[in-house]
Amino acid sequence: MRTVHARVTILVSSAVLSLTTLTGPAMAAQIPDGPGTPTPAAASVPQHVDTRTKSTQPVYDYANAIRESVYVDTTMDTDSDGQDDVIAVDIVRPSETALTGRKIPVIMDASPYYSCCGRGNESEKKTYDGDGVIRKMPLYYDNYFVPRGYAMVGVDIVGTGRSTGCGDVGGRDEIQSVVDVIDWLNGRNTAHTAGGQLVKASWTTGAVGMIGKSYDGTLANGVAATGVKGLKTIVPISAISSWYDYTRSGGVPYSDDYMPWLGGYVGHDSAACDEVRGELGDNDDDETGDYTSFWAERDYTKNASKVKASVFMTHGLSDYNVQTNHFSQWWSALSRNNVPRKLWLGLEDHVDPFEFRRDEWVDELHKWFDYWLQGLQNGVMKEPMVSVETTPDVWRDYKTWPAVNRPVSVPLSAGRLGAAGKGSVMVTDDPDLTEDDIVADPSEVIAGRQMFLSAPLTAPLRISGTPSVTLRLKSDSATTPITARLVEYGEAARYSGVRRTDESTCEGSSTDYDDSCYYTVDKVTTQSDHGIVSRGWIDAAHSKSLSKPTPLKPGQWTTVNVPLRAQDQIIPKGRIVGLAITLSDTEWTAPNNTGASIDIDLAGSKLNIPVSSGKLTAPTQLPTINVQIKTPTQRPNLHDPKN
């Protein structure tokens, strides 16, 4: 491993130390409830704050930081053993602030992965000393932020790691287990050491910022949706906002029995927990695809009005593990409730921006936490609200997202996008069609697919928002899956993933047992003649209601709306846009119904596309497009939490 760049960590900075010498009682830094909170007066400025730069500085000795492990009490008995569950909490905090009595805020990563799978691109796990006290905390958060006057807190959620009980996969119990920890940090709950000694969090201001990728970020969303006091900000990275939408799309499951499988993958191996997971399988309604009270409990968007924390979210526009509808619907719900927020959208799939935009990400995260947890007026909330990666490693800032609130209606005619048609076309289900089959030879007639093509773009087309397809159709079956794909055709070097290098950078202080150095990644592009802009699936009977499906009446016309995944993409001039309609998709989903045929009324059907610049027009004659499949498309494996 060769280190090519390191952020220098200064353990003692005379410029910072000269700001204050604390000899009296501790004074907590002011915690902003929103923009406009003044910077603390000079007399109360902590040693780690530089008032000139309005930022925290690495003045505390990470090697001598306090490392402790406690168990937070709950009122839950999820494993039915007659004893209330306890939540294992590991803490790293500066010893200097403890000596002076200076109270500090908390950065928290609550996770089910600390023991089973590890965190980050290098799958780091917690390690402990001979007394069971935290030795190594995964990721760089403690290395970077503890010297800057923060405590890092790693929480094993209920039923995982060293916590007791059984998890309920995104449900009330898992969320409550984190709320109980925040309550302890704010003096509203109790905790004890492994030896049973009562312990208080007297060292903290009670201000908490949650961060995490995937499941960890999902927990941050869920906890914020409770409105718990003390949670000041969350940073969800590639996070789920509704577990229903993670396991299915509009009534079409992505796989069977995912919830009990995931509970078993991350949780304790015990008969009591097997019973809890059995209940997950009994209540998931895979057979119907319905949205029930089970899923409502795991739908954080419906409680967005309770969110009191600010939100800095980031998501990959190529993410088909946690798909882009998760950030878009959460962002929209937060927007309606005027939650202070910020958004980064990268080209990547299920990847932390620490991997692909490391320096900028760490700097922005530092400013964000300094503002929301330390009360430093550093201008972060005056920056552009949204940053989008438009081409590999090229980012543009925008005032808001999406750029378009009202999508443009693009009519359909036989084989054409952008011209109003008459009559109807037919699609007969072919479950054997792969995505590569569907996007290939777009100007040819292929059984089981209807393709609609635009003329070459006369100007760049920016799609910013959530596309959808409205289809007026009649079916010969009571329901059928319907799949839509938006494709852009034209030769280009397109993003195709990341690849780990043998080089590393160091983000903060290191010790011989917990270093801050991590491998970098290279962004991979592949020359290709087409790219998928967005995908979408729905069960036709669930089009009007996810909770109360309406069976289709065979032979009668009805209207079905197919939501595609949110996107922000600039498609260059000269490209051709295609809309492919098929029925069941056994490659990307696990549909319950196959074999139907539908007629599509062209005059009553359209593509709804959020376009802020450029437009789609119909070709005068269908173009001939030759497509070469160089690398077969592969669906991400949801049964792999490392994705």
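This one's a predicted model, so the numbers in the text were calculated from it and none came from an experiment. Reckoned from all heavy atoms, side chains included, excluding hydrogens, waters and symmetry mates.
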Out of the candidates Ile538, Leu564, Val410, Thr483, only one should pair with Val469 under the side chain to side chain contact (heavy atoms under 4.5 Å, CB included) rule; please name it. Leu564
Checking Leu280, Asp285, Asp168 against Phe294 for side chain to side chain contact (heavy atoms under 4.5 Å, CB included), the one that qualifies is Leu280
Take the angle between the ring planes of Tyr113 and Tyr215 and call it parallel below 30°, perpendicular above 60°, tilted in between. perpendicular
Would you please name every residue forming a side-chain contact (heavy atoms from CB on, under 4.5 Å) with [X], sequence neighbours left out?
| X | result |
| --- | --- |
| Pro456 | Ile576 |
| Glu355 | Asn121, Val351, Asp352, Arg358, Val521 |
| Pro549 | Asp290, Ala541, His542 |
| Ser249 | Tyr254, Trp537, Arg565 |

Partner residues of [X] under the salt bridge (charged side-chain N to carboxylate O under 4.0 Å, His left out) criterion, sequence neighbours left out:
| X | answer |
| --- | --- |
| Asp299 | none |
| Glu488 | Arg494, Arg575 |
| Asp284 | none |

Please name all residues satisfying ring-ring contact (aromatic ring centres under 6.0 Å, His included) with [X], sequence neighbours left out, ordered by chain then number.
| X | value |
| --- | --- |
| Trp330 | none |
| Tyr291 | Tyr244 |
| His315 | Phe327 |

Decide yes or no for Pro610 and Ser464: does some side-chain heavy atom of the first lie under 4.5 Å from some side-chain heavy atom of the second? no
Would you say that Asn592 contacts Glu287 through its side chain, given a criterion of any heavy-atom pair below 4.5 Å between the two side chains? no
Where do [X] and [Y] come nearest, in terms of heavy atoms and distance?
| X | Y | answer |
| --- | --- | --- |
| Ala110 | Met210 | CB-CE, 4.0 Å |
| Pro431 | Thr594 | CG-CB, 4.1 Å |
| Ser310 | Trp368 | OG-CZ2, 3.5 Å |

Check: residues 554-561 side-chain donor-acceptor pairs under 3.5 Å, at least two apart:
unit_1 : atom_1 : unit_2 : atom_2 : d
Thr558 : OG1    : Lys544 : NZ     : 3.3
Asn561 : OD1    : Thr470 : OG1    : 3.1

Per the side chain to side chain donor-acceptor pair (under 3.5 Å) rule, what does the pair list look like for residues 609-628, sequence neighbours excluded? none
Could you check whether atom NZ of Lys302 has more than 12 heavy atoms from other residues, nucleotides or ligands sitting under 6.0 Å from it? yes
